[in-house]
Amino acid sequence: MSSIRISIPETAEAGEVIEIKTLIQHPMESGFGRGARGQVIPRDIIQTFTCDYNGTTVFEAKFFPSTAANPFLTFFTRATKSGALTFTWTDLVGETWVETRNLIVSE
């Protein structure tokens, strides 16, 4: 299990633009590296990340072998109504990590 950190405001005003930060601990091995004994380290990368806000995708990213370990993302969305933000990371072999945070929006 990878360690995940997510930072969102607990509350926001309707229409306010909020900043979202995510970090997942993952080695992001490119498949080009070699171990201490010269063996090839197999490719092991997260391929996609999505953030859904109340079921609608508000941010999506695709990662490639040159992405650094422990990918950190910062992005913005507009708070429209209270609900869930669902964060999903999927790697090459189909392993998926999902985290959900709730946002309370006052009108």
Side-chain angles (χ1 to χ4, degrees):
M1 174 79 178
S2 292
S3 175
I4 295 172
R5 293 184 182 175
I6 298 170
S7 173
I8 67 166
E10 291 181 14
T11 61
E13 298 289 324
E16 180 182 349
V17 175
I18 61 169
E19 181 179 39
I20 300 169
K21 296 179 183 181
T22 68
L23 178 132
I24 184 168
Q25 286 186 326
H26 193 279
M28 300 296 283
E29 290 293 344
S30 68
F32 300 116
R34 300 221 176 244
R37 296 185 178 184
Q39 75 280 15
V40 174
I41 300 171
R43 181 177 286 187
D44 180 14
I45 65 170
I46 292 173
Q47 284 192 306
T48 60
F49 167 80
T50 59
C51 175
D52 295 336
Y53 181 21
N54 286 330
T56 302
T57 300
V58 294
F59 185 83
E60 183 176 39
K62 294 187 187 291
F63 296 110
F64 295 92
S66 62
T67 303
N70 308 323
F72 173 77
L73 296 169
T74 300
F75 56 96
F76 299 86
T77 193
R78 188 171 305 278
T80 54
K81 60 183 176 176
S82 295
L85 287 137
T86 304
F87 305 89
T88 307
W89 295 261
T90 304
D91 72 5
L92 277 173
V93 296
E95 186 171 358
T96 300
W97 298 268
V98 179
E99 292 283 329
T100 302
R101 300 291 187 274
N102 290 313
L103 176 66
I104 299 169
V105 178
S106 58
E107 303 205 20

K.L.:
To the nearest 0.5 Å, tell me how far Glu19 CD sits from Phe75 CZ.
P.N.:
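Here the interatomic distance stands at 10.0 Å.
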
K.L.:
Looking only at atom types and distance, does a side-chain atom of Tyr53 sit under 3.5 Å from a main-chain N or O of Thr77, one as donor and one as acceptor?
P.N.:
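Between the backbone of Thr77 and the side chain of Tyr53 there is no qualifying donor-acceptor contact (under 3.5 Å).
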
K.L.:
For a side chain to side chain contact (heavy atoms under 4.5 Å, CB included) with Asp91, tell me which candidate from Asp44, Thr48, Ile45, Thr96 qualifies.
P.N.:
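Going through the options one by one, the only one that passes is Asp44.
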
K.L.:
Kindly indicate whether the side chain of Cys51, heavy atoms from C-beta on, has any atom under 4.5 Å from the side chain of Leu85.
P.N.:
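Cys51 vs Leu85: side chains touch.
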
K.L.:
Given Arg34 and Val40, is the side-chain contact (heavy atoms from CB on, under 4.5 Å) satisfied, shown in steps?
P.N.:
CA-CA 5 Å; Arg34 300 221 176 244; Val40 174; 2.9 Å; yes

K.L.:
With the 4.5 Å side-chain cut-off for hydrophobic clustering, are Trp89 and Leu92 part of the same group?
P.N.:
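Yes: a chain of side-chain contacts under 4.5 Å links Trp89 to Leu92.
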
K.L.:
For atom CD1 of Ile104, decide whether the heavy atoms of other residues, nucleotides or ligands shown that lie under 6.0 angstrom number more than 12.
P.N.:
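Atom CD1 in Ile104 is not crowded, with 12 or fewer foreign heavy atoms closer than 6.0 Å.
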
K.L.:
Identify whether Leu23 and Ile4 are in the same connected component of the hydrophobic contact network (ILVMFWY, side-chain heavy atoms under 4.5 Å).
P.N.:
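No, because Leu23 and Ile4 fall into different hydrophobic clusters, even though each may have its own neighbours under 4.5 Å.
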
K.L.:
Quick one: does Arg43's side chain get under 4.5 Å of Phe32's, heavy atoms only?
P.N.:
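Counting from C-beta outward, Arg43 and Phe32 do come under 4.5 Å.
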
K.L.:
Given side chains that start at C-beta, do those of Arg5 and Thr22 come closer than 4.5 Å, heavy atoms only?
P.N.:
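SC-SC contact between Arg5 and Thr22 ruled out.
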
K.L.:
Okay, side chain of Gln39, backbone of Arg37: is any donor-acceptor separation there less than 3.5 Å?
P.N.:
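A pair under 3.5 Å: yes.
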
K.L.:
Which value, rounded to the nearest 0.5 Å, describes the distance between Ile6 atom CD1 and Arg101 atom CZ?
P.N.:
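Atom-to-atom, Ile6:CD1 and Arg101:CZ are 4.0 Å apart.
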
K.L.:
Using the side chain to side chain donor-acceptor pair (under 3.5 Å) definition, which of the options Thr86, Thr88, Asp52 pairs with Thr57?
P.N.:
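With Thr57 as partner, side chain to side chain donor-acceptor pair (under 3.5 Å) holds for just one option, Asp52.
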
K.L.:
Where is the tightest heavy-atom contact between Pro27 and Ala69, given as atom of each residue plus distance?
P.N.:
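Closest approach of Pro27 to Ala69: O-CB, 3.5 Å.
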
K.L.:
Check for a donor-acceptor pair, side chain of Ser82 on one end and backbone N or O of Val105 on the other, with a separation under 3.5 Å.
P.N.:
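Side chain of Ser82 to backbone of Val105, a donor-acceptor pair under 3.5 Å: yes, one is there.
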
K.L.:
Of all heavy-atom pairs between Met28 and Ile46, which one has the smallest distance, and what is that distance?
P.N.:
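Taking every non-hydrogen atom into account, SD-N, 3.3 Å.
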
K.L.:
Calculate, to the nearest 0.5 Å, the distance between atoms NZ and CG belonging to Lys81 and Leu103 respectively.
P.N.:
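One gets 12.5 Å once the value is rounded to the nearest 0.5 Å.
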
K.L.:
Side-chain contact test, heavy atoms from C-beta onward, threshold under 4.5 Å: evaluate it for Leu73 versus Phe63 and give yes or no.
P.N.:
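Result yes, sub-4.5 Å side-chain heavy-atom pair found.
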
K.L.:
Going by heavy atoms in the side chains, are His26 and Trp97 under 4.5 Å from each other?
P.N.:
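Answer yes - side chains close enough.
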
K.L.:
Measuring from atom CD of Gln25 to atom OG of Ser3, what distance do you get when rounded to the nearest 0.5 angstrom?
P.N.:
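Between Gln25 CD and Ser3 OG, I get 4.0 Å after rounding to 0.5 Å.
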
K.L.:
According to the interplanar angle, ranging from 0 to 90°, do the rings of Phe87 and Phe49 count as parallel (below 30°), tilted (30 to 60°) or perpendicular (above 60°)?
P.N.:
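Taking Phe49 first and then Phe87, their aromatic rings lie parallel (interplane angle under 30°).
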
K.L.:
Tell me whether Asn54 contacts the main-chain N or O of Ala84 through its side chain, where contact means a donor paired with an acceptor under 3.5 Å.
P.N.:
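Yes: the side chain of Asn54 pairs with the backbone of Ala84.
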
